[in-house]
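What follows is a short report on a single structure.
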Amino acid sequence: MSLVAESIRYAYRVGHDVLTDVSLDVEPGHTLFVLGANGSGKTTLLECLSGLRTPRTGRVLIDGIRLTDLGPRERACRIGVVPQLHEPVFSYTVGQAVLMGRAPHLGLFERPGRKDRQAVARALNAVGVTGLHDRPYTGISGGERQLVLIARGLAQGAGCLLMDEPTAHLDPHHQHDVLSVVRQLADEGFSFVVTSHHPNNALLYADEVMFLVDGAAVVRGEPDVAITEDSLRSAYGMEFEIVRGANGSRAVLPRVLHPTAPTQDAESQSD
């Protein structure tokens, strides 16, 4: 499923744009990472892409159809949102949490049926957590919870998933688990927009990267081209260095300036 944004602007207050002329396009089977500092507009962008907020100017298209021309139920069947944190009020089971993704396919008083439960089983299997079906959602790890939220989006029938910093609270092992599933699903034709503070994850798992700075898209392209010391400095206001491993892989590190070690003369004078 393709997702396109054309020159969208959004403001919470008149004259104070949070997003300024942002455009993007995500083809089926592709993953776009949106990188940027806190307050750069990443979450607002996802809200505009999902239809939760309506851009002041510009438009969002899903498979060529204007998002504003689709009702909430139709939008939900095409676009799924995976939040950064999700704390349920009640202790639903994992299976019940994923089953909630079937809501757009049910009538007002309609109960889930066999087709809906089959969709849940397929979604859990797709992300590799079938064994969690009967576990309390509140009793699983953060990484497992993110996988369950992805499964809910799949059960929803969405071909495009918007993920708001899905690895923000996960250790490296669980980050890899979640993003490996994203990569696998993208290879199967799903499309993803992922906001993140981790340029190294973008280098490993993204097809394309976009930097947001003060609500404007300043750099966009393939990770090896878009992620540079200059673009990182512009986005985060600090110095970075990019190092290469023996196999040619790249990694981003903060540039740390170590204090100069005292000379022998200075040491002797201090004595």
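Computation of the quantities below employed the complete heavy-atom set of this structure, encompassing side-chain atoms and omitting hydrogens, waters and symmetry-equivalent molecules.
- Between the side chains of Thr228 and Asp230, no donor-acceptor pair of N or O atoms lies under 3.5 Å.
- In this structure, the side chains of Val218 and Leu212 stay at 4.5 Å or more apart for every pair of heavy atoms.
- Side-chain contact check for Ser7 and Asp21: at least one donor-acceptor pair (N or O, by modelled atom type) lies under 3.5 Å.
- Between atom CD of residue Gln156 and atom SG of residue Cys77 there is a gap of 7.0 Å, rounded to the nearest 0.5 Å.
- Not one N or O on the side chain of Ser191 forms a donor-acceptor pair closer than 3.5 Å with the backbone of Gly29.
- Looking at Arg73, its side chain does come within 3.5 Å of a backbone N or O of Pro104 through a donor-acceptor pair.
- If you chain together hydrophobic residues whose side chains sit under 4.5 Å apart, Leu149 and Val81 never meet in one group.
- Classification of the Phe192-Phe190 ring pair by plane angle, with boundaries at 30° and 60°, yields tilted.
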Go through it in stages, so that I can follow the logic: the residues are Val82 and Leu162, the test is side-chain contact (heavy atoms from CB on, under 4.5 Å), and I'd like the CA-CA distance, side-chain angles, deciding distance and then a yes or no.
CA-CA 6 Å; Val82 179; Leu162 310 178; over 6 Å; no
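- Within a 6.0 Å radius of CD in Glu241, other residues, nucleotides and ligands contribute more than 12 heavy atoms.
- Side-chain contact, Glu47 with Ser50: no donor N or O sits under 3.5 Å from an acceptor N or O.
- Arg9 contributes no side-chain N or O that, together with a main-chain N or O of Thr20, makes up a donor-acceptor pair within less than 3.5 Å.
- Under a hydrophobic-cluster definition in which Ile, Leu, Val, Met, Phe, Trp and Tyr are linked whenever side-chain heavy atoms come within less than 4.5 Å, directly or via other members, Met163 and Val129 are assigned to the same cluster.
- In the hydrophobic clustering of this structure, Leu185 does not group with Met1; members are Ile, Leu, Val, Met, Phe, Trp, Tyr whose side-chain heavy atoms approach within less than 4.5 Å, directly or through other members.
- When side chains are defined from C-beta on, Val209 does not count as touching Glu222, because their heavy atoms never get closer than 4.5 Å.
- A donor-acceptor pair is defined here as one N or O able to donate and one able to accept, closer than 3.5 Å; no such pair exists between the side chain of Lys42 and the backbone of Gly215.
- By the 4.5 Å heavy-atom criterion applied to side chains, His198 and Val252 are not counted as neighbours.
- Across all their heavy atoms, Leu35 and Ser196 have their closest contact at CD2-O, 3.4 Å.
- Taking CG of Leu161 as the reference point, atom CD1 of Ile150 lies at 7.0 Å (rounded to 0.5 Å).
- Tyr12 and Thr44 share a side-chain donor-acceptor pair at under 3.5 Å.
- In summary, Asp224 and Arg250 engage in a salt bridge, as defined by a charged side-chain N under 4.0 Å from a carboxylate O.
- Looking at Leu170 and Val178, their side chains come closer than 4.5 Å, going by heavy atoms from C-beta outward.
- Between the side chain of Arg233 and the main chain of Met238, no donor-acceptor pair closer than 3.5 Å is present.
- With 3.5 Å as the limit, one finds a donor-acceptor pair spanning the side chains of Asp164 and Thr43.
- Pairing each heavy atom of Val148 with each of Ala97, the nearest pair is CG1-CB, 4.4 Å.
- Looking at heavy atoms from C-beta onward, Ile242 lies in side-chain contact with Glu229 at the 4.5 angstrom threshold.
- Taking each heavy atom of Leu19 and Leu45 in turn, the nearest pair found is CD1-CA, 3.7 Å.
- When every heavy atom of Met210 is checked against every heavy atom of Ala217, the shortest pair comes out as SD-CB, 3.7 Å.
- In summary, Arg56 and Asp17 engage in a salt bridge, as defined by a charged side-chain N under 4.0 Å from a carboxylate O.
- Among the candidates Leu32, Leu24, Val26, the single residue satisfying the side-chain contact (heavy atoms from CB on, under 4.5 Å) test with Glu208 is Leu32.
- With hydrogens and angles disregarded, no donor-acceptor distance shorter than 3.5 Å links the side chain of His16 to the backbone of Ala11.
- In this structure, the side chains of Pro112 and Arg102 stay at 4.5 Å or more apart for every pair of heavy atoms.
- A 4.5 Å side-chain heavy-atom check between Leu61 and Leu3 finds every atom pair outside the cut-off.
- Of the possible polar contacts, none joining the Gln96 side chain to the Asp134 backbone as a donor-acceptor pair under 3.5 Å is found.
- Cluster annotation: Val181 and Val120 are assigned to the same hydrophobic cluster (Ile/Leu/Val/Met/Phe/Trp/Tyr, side-chain heavy-atom contacts under 4.5 Å, transitive).
- At least one donor-acceptor pair closer than 3.5 Å links the side chain of Ser40 to the backbone N or O of Ala37.
- Rounding to the nearest 0.5 angstrom, the gap separating the NE2 atom in His169 from the CD atom in Gln175 is 11.0 Å.
- In this structure, NE2 on His176 lies 12.0 Å from CG on Asp171, to the nearest 0.5 angstrom.
- Hydrophobic clustering, with ILVMFWY side chains joined whenever heavy atoms are under 4.5 angstrom apart, groups Ile79 together with Ile65.
- Under the 3.5 Å distance criterion, the side-chain polar atoms of Arg111 are left unmatched by any main-chain donor or acceptor of Leu106.
- Remark: Glu110 CD to Asp116 CG distance equals 7.0 Å, nearest 0.5 Å.
- With respect to the salt-bridge test (charged N to carboxylate O, under 4.0 angstrom), the residues Arg59 and Asp69 do not qualify.
- Crowding of Asp214 atom CG: a count of heavy atoms from other residues, nucleotides or ligands under 6.0 Å not exceeding 12.
- The CD1 atom of Ile8 sits 5.0 Å away from atom SG of Cys48, with the distance rounded to the nearest 0.5 Å.
- At least one side-chain heavy atom of Arg183 sits under 4.5 Å from a side-chain heavy atom of Thr31.
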Asn38/His197 under side-chain hydrogen bond (donor to acceptor under 3.5 Å, both in side chains): CA gap, chis, key distance, verdict:
CA-CA 9 Å; Asn38 291 334; His197 283 304; 2.9 Å; yes
Any chance you could lay out the side-chain contact (heavy atoms from CB on, under 4.5 Å) test for Arg220 and Asp25, step after step, and finish with the verdict?
CA-CA 11 Å; Arg220 182 176 147 204; Asp25 58 90; 2.5 Å; yes
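- Of all heavy-atom pairs spanning Leu67 and Leu49, the tightest one is CD2-O, 3.1 Å.
- For the pair Arg75 and Leu70, the tightest heavy-atom approach, listed with the atom from each and the gap, is NH1-O, 3.0 Å.
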Assess whether side-chain contact (heavy atoms from CB on, under 4.5 Å) is satisfied between Leu124 and His133, documenting all intermediate values.
CA-CA 8 Å; Leu124 289 171; His133 185 281; 3.6 Å; yes
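- With Tyr137 as the aromatic partner, Arg145 meets the cation-pi criteria of under 6.0 angstrom to the ring centre and within 45 degrees of the ring axis.
- Distance alone, capped at 3.5 Å, places no donor-acceptor pair between the Thr195 side chain and the Val34 backbone.
- When each of Leu179, Val182, Val194 is paired with Asn201, the side-chain contact (heavy atoms from CB on, under 4.5 Å) condition holds for Leu179 and for no other.
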